[in-house]
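Report on the following structure.
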Amino acid sequence: MAFGTGCHLHLIDGSAFIFRAYHALPPLTRKSDGLPVGAVAGFCNMVFRYIEEARNGDAPTHAAVVFDYSSKTFRSDLYPQYKANRPPPPEDLRPQFPLTREATRAFNLACKEMDGFEADDIIATLARQAREAGGRVTIISSDKDLMQLVGGGVEMLDAMKNLRIGPEEVEAKFGVPPERVIDVQALAGDSVDNVPGAPGIGIKTAAQLIQEYGDVETLLARASEIRQPKRRETLLAYADQVRISKKLVTLDDHAPLDFTLDDLEVKDPDPRELMDFLHRMEFRTLTRRVAEKYGLAEPKAAPAAVSPTAAPATTADPAPAPAAPEVPFAPETYVCIRDGATLTDWLDRARATGWLAVDTETTSLDEMQADLVGVSLATAAGQAAYLPLGHVKGGDDLFGASEPAEGQMPMAEALALLKPVLEDPAILKIGQNMKYDWKIFARHGIRTAPIDDTMLMSYAMFAGLHGHGMDALSEEYLAHKPIPIKELIGAGKAQVTFDKVAIDKATAYSGEDADITFRLWQTFRPMLPRAHVTTVYETLERPLVPVLAEMEMAGVKVDTAVLARMSNVFAQRMAGLEDEIQTLAGQPFNVGSPKQLGEILFDGMGVPGGEKGKTGAYGTGADVLEDITTYEDTHPQAAKLAARVLDWRQLSKLKSTYTDALQTHVNPETGRVHTSYSIAGANTGRLASTDPNLQNIPVRSDEGRKIREAFVAPEGRRIVSLDYSQIELRILAHVADIPALKQAFLEGQDIHAMTASEMFGVPIEGMDPMIRRQAKAINFGVIYGISAFGLARNLRIPRKEAQDFIDRYFQRFPGIRSYMDETVAAAKRDGFVSTLFGRRIHTPGINDKGPKSGNARRAAINAPIQGAAADIIRRAMIRMPEAIRDLDARMLLQVHDELIFEVAEADVDRLIPVARDIMQGAADPVVHLSVPLIAEAGSGHSWAEAH
DNA sequence: AACTTCACG
DNA sequence: GACGTACGTGAAGTTC
């Protein structure tokens, strides 16, 4: 059909689809050979959805997907800097470009690109031709550069948000009708495309000027009439630059196309060709959906051959993992191991392949108290077995004891067979959260090595994107939902321990865990090098497993008598305060209830300024109460009440979270407290401590600090603590390359005083402590992605003043601002930021609009700094055991920038220099910091003395 | 289970 | 031009 009146042309901005797909999806790879295909998958999904949806209502008669050919166009000849600050496409995206063209053709859509022209020029040319022929045009894109084409039968469609963009929407965005958009763009410029425009003129001002003068040429001709001196000067000075900018933003609607509109007639896809392509890409879900749509059978086996066009661009990567034929999950096929011969058979399979996925089942999540119930093994996808060892029969007898279930190997016999394999240096043991299993085996005298951990692989690749628990990983990367543990042990009060679970059910569940772990490992292994995080995984994550396991098993001695005494004192003082508080309130109420307290203060006593949160309750946080304590003159009763509540809250916190709770965490067998560190808990690379959290033991208040007196060394031993001094500021000085900061650290100066001196021009000698305090707050603020609001609140000063401080700071240290800008730009471009050591922290939401993007922005600024500090102490911890091997000393705790040891009295003076050297040199040799790292040491009978 | 508060670096 | 903001955690208690 010839294109004419009544025809409707769809023009799809293919390149935008690709980048959107690439950034929206995790880096998927083709299973059989590891070829990156995430963007292709997303692209296909978007095209498929487009065909399904966009064509329903207002079906096109003609359509084309248009791509950019290369980054070199006639515009780069006009202005060499045009789009020059665009980074090259990521390594793993480049091989996907030709595949998206292939995909377009597989969907039987016209696929158009042209050397020397941008996709936008082709779209402009086709849109003009269609308009002139009397047809309608819909441009599937949200690119503002295309908005100049809107009008006269041409409109845009933002496929993501399903928004139509007509002349009104364009005018809402640019403040001028579509035909004047190029004039506004020419004035405002575009930092993304590096269109210069006129400095200091943004869209708002540009729109104003164009409304007044009509277009750029008239405006420039009459520039001398402009009243505002600044605008006038700018326009006079930058007239040529604005003229070039206009040429850059004006789309060429006369590109010499080698095809006509008639060639773009819509055709249905050939289902066979489409299926063949999707199948070759190994997109299972999409293949299935297409098969359903066209009523075709799904191809069964994975394709043996790979199409020549789809070959990876590089051959430098290691050999791909063994091709994984699609094996369905079949829990009923898992083997239950009940005798030595069967166990030996499974272990021989591991000896043959060199790998073994393992998972333990126990009676508790606390590895120090958990009893081993069973071990599952997997040697290939779908090949899994379960070895029950500690299952018991259903009912308890009169004494609450229970008999072992039948058909289980004796524990000792089974472990004797397992031990040589688990310790065999030629057999890789694969686990999900291996630290748990490592500790269980260690308590049976087995040192599991070497290991791989799928949770840590996921963390190295996807930190910030999603969690790393097995269930989530299985659903995400294996498209398989595992059997929920609740189905076996129940939940809540009715929950039972795993030893009570019937062996056949345990076999299905536990075998599946090992099976999933193995398949995840197969999936992740080729992905690590492609994400460039193999070194991170191998040097910062995996080696930490045995180190942390040993620390956790060692535990720290806690003097419960000291804690109990403190609890009693706190209880008495709290009772007294409670009486006083209720008298002041004139009624009894629960002092621990923020809701009741808020109502009494703000409704009952009439304190002004109560602010309700989203739940409708008044906020009564410490900062609010502190404000109220200053209302002595207007609300003396409330001021006093607030002060008492603050005291009560402090005691309540110390008692419930620390002095009471810590006592319950003392292990009855070891008499010590064993925390658990999560390696993949914090997005930045920091560890997190749980059950109990020993990383937030009080220290800032005198009262709280006393709790550290309960963390003690046994007779004849000492606690030694070493902590990095200002490690994050040192990292900032290095990465942002700030000469003054680096110099100060090299000379061992007081960094906050130096900052104050630089900012305010006051001498360091005899400095007002107030000024130093403010500089310190700014130094910390910088690390957190400073804002005037945050600094103002922290320092309790007007926002304007805080803004002045920040301006002054950036003026004095301009490198900090450029570092921040570069970090945010990297996050927007790549979707992640990296530390000095290559750790990746993803930054979802950084490209969002709205208030949330501020959070993402600050997180992106903070992550490389906090993350590098975390990397450094990880490196120190990994080297520490070997370094202190000959000393009677062991590492017990880590608190982000501090390491705590227990050491024989006689070895204290030998430990400190050794540990200090390891910590101070921990960045070397991978990164040579241009500032020294300093670790300060202390020792004593308790943590309070050592810190 | 969600929310609030508060302990740490 | 308005919006909501310091970064990263975990635990306990109250409320729904």
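Residue numbers start from 1 in every chain, and the chains themselves are labelled A, B, ... in the order their sequence lines are given, proteins ahead of strands. The analysis underlying the following values was restricted to heavy atoms, covering all of them including side chains, and did not include hydrogens, waters or symmetry mates.
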Close aromatic pair by centroid cut-off 6.0 Å: A/Tyr809 and A/Phe813: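 Between A/Tyr809 and A/Phe813, the centre distance is under 6.0 Å.
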Can you sort out the partners of [X] under side chain to side chain donor-acceptor pair (under 3.5 Å), two or more places apart, ordered by chain and number?
X        : answer
A/Ser678 : none
A/Tyr658 : A/Asn696
A/Arg858 : A/Asn855
A/Ser701 : A/Gln650

Which of residues 672-704 of chain A have a heavy atom under 4.0 Å from DNA chain B?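 Of all residues in residues 672-704 of chain A, the ones placing a heavy atom under 4.0 Å from DNA chain B are A/Arg686, A/Gln695, A/Asn696, A/Ile697, A/Pro698, A/Val699, A/Arg700.
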For DNA chain B, which residues of residues 723-731 of chain A approach it to below 4.0 angstrom with any heavy atom?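 Within this stretch, nothing sits under 4.0 Å of the strand.
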Polar-atom pairs under 3.5 Å, protein N or O versus N or O of nucleotides 2-4 of chain B: list them with distances, or write none.
residue: B/dT4; atom: OP1; partner: A/Thr615; partner atom: OG1; Å: 3.2

What residue pairs, at least two apart or across chains, pass salt bridge (charged side-chain N to carboxylate O under 4.0 Å, His left out) with a residue in residues 686-698 of chain A?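 Those involving residues 686-698 of chain A are A/Arg686-A/Glu728.
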Taking only residues at least two apart or on different chains, which pairs with a member in residues 595-604 of chain A satisfy salt bridge (charged side-chain N to carboxylate O under 4.0 Å, His left out)? A/Lys595-A/Glu599
For nucleotides B/dC6 and C/dC3, find the distance between their P atoms and express it as a whole number of Å.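 Nearest-Å result for B/dC6 against C/dC3 at atom P: 27 Å.
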May I ask you to say what A/Ala661 touches in the nucleic acid, namely base, sugar-phosphate or nothing, with a heavy-atom cut-off under 4.0 Å? sugar-phosphate
Classify the side-chain pair A/Asp807/A/Gln803 by whether it contains a donor and acceptor separated by less than 3.5 Å.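 Yes - a donor-acceptor pair under 3.5 Å links their side chains.
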Segment of DNA chain C, first to last nucleotide, that comes within the 4.0 Å heavy-atom reach of chain A: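 On DNA chain C, the outermost contacted nucleotides are C/dG4 to C/dC16.
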If you measure from CG on A/Asp559 to CD on A/Gln663, what distance do you get to the nearest 0.5 Å?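 Taking CG in A/Asp559 and CD in A/Gln663, the distance rounds to 9.5 Å.
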For DNA chain C, report each stem as range with range, ordered by first number, or say none. Use Watson-Crick or G-U wobble pairs under 3.5 Å, at least 3 in a row.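 For DNA chain C the paired stretches long enough to count as stems (3 pairs minimum) are B:1-9 with C:7-15.
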Under the rule for side-chain contact (heavy atoms from CB on, under 4.5 Å), what residues qualify as partners of A/Arg817, not counting sequence neighbours? A/Phe810, A/Asp821
